Amino acid sequence: MQTWLMKSEPEEASIDDLQRLGRLPWTGVRNYQARNFMRDAFQLGDRVLFYHSSCAEPGIAGLARLASAAYPDPTQFDPASPYHDPKSKPEAPRWLLVDVSFDRKTRLLSLKELRERPELASLQVLQKGSRLSITPVTDAEWRLLEPLLA
DNA sequence: GCCAACGTTGGC
DNA sequence: GCCAACGTTGGC
């Protein structure tokens, strides 16, 4: 089983929203690298580190699971959606999403704290200039993170 | 609101 | 295929 770190703006979809609903479609990915992870590497049941971004306290806020295969993101065809992509055609959808299911909330493991721990420096989300909304987390990194989230 | 870093677009 | 211009991300 693989572990992934997935960024979400809590104003749009927070760990509390996921807890309340149990399951969420991870809509709005508009980056090819992130899409390719969903399409090519995601496996049902993979672990997800739910990361809050673009907020007062960015960091890992909870754990989730991949709960579906990748399928076309309907918002790309919706002219009223901020995620609308007029260049994407229903017969050849450009953007995919997956469903994610709630596992548990954790303490907020802040970006600040992640940066303060040298053993976590390899995390892709900590690399300079890293903006990718979906990044793989190695087993070694997960083993270091797990006790910090307890 | 600022701005560095990055990805995409489109003219050539 | 190059690359300048532009748009977006996301921490601060």
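In what follows, chains carry the letters A, B, and so on, assigned in the order in which the sequence lines appear, proteins first and then strands, with residues in each chain numbered from 1. This structure is a prediction, so every number in the text was calculated from the model and none was measured.
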Write down the distance between [atom1] ([X]) and [atom2] ([N]), rounded to a whole number of angstrom.
| X | N | atom1 | atom2 | result |
| --- | --- | --- | --- | --- |
| Y51(A) | dT9(C) | OH | P | 15 Å |
| E57(A) | dC12(C) | CD | P | 11 Å |
| Q127(A) | dA4(B) | CD | C1' | 16 Å |
| Y83(A) | dT8(C) | OH | C1' | 12 Å |
| R131(A) | dT8(C) | CZ | P | 11 Å |
| R115(A) | dG11(C) | CZ | C1' | 8 Å |

**OP:** Answer yes or no: is there an ion pair linking K105(A) with D16(A), defined by an N-O contact shorter than 4.0 Å?
**Re:**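 A salt bridge links K105(A) with D16(A).
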Subject >> Y51(A): ring-ring contact (aromatic ring centres under 6.0 Å, His included) partners, not counting sequence neighbours >> reply: none
Subject >> By ring-ring contact (aromatic ring centres under 6.0 Å, His included) - contacts of W95(A) (at least two apart) >> reply: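 Applying ring-ring contact (aromatic ring centres under 6.0 Å, His included) to W95(A) gives Y32(A).
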Original post:
Are R47(A) and W142(A) in a cation-pi setup, meaning NZ or CZ lies under 6.0 angstrom from the ring centre and within 45 degrees of the ring axis?
Top reply: yes
**OP:** Answer yes or no: does a side-chain N or O of Y32(A) lie under 4.0 Å from OP1 or OP2 of dT9(B)?
**Re:** no
Side chain of [X] only, heavy atoms from C-beta on: which candidate in [options] is closest?
| X | options | value |
| --- | --- | --- |
| K7(A) | dG10(C), dT8(C), dT8(B) | dG10(C) |
| K128(A) | dG7(B), dA5(B), dT8(B) | dA5(B) |
| R94(A) | dA5(B), dT9(B), dT8(B) | dT9(B) |

Original post:
Contact class for K87(A) (heavy atom, under 4.0 Å): base, sugar-phosphate, or nothing?
Top reply: sugar-phosphate
**OP:** Go through the N and O atoms of the side chain of R30(A) and the base of dT8(C), and report whether any donor-acceptor pair is under 3.5 Å.
**Re:** no
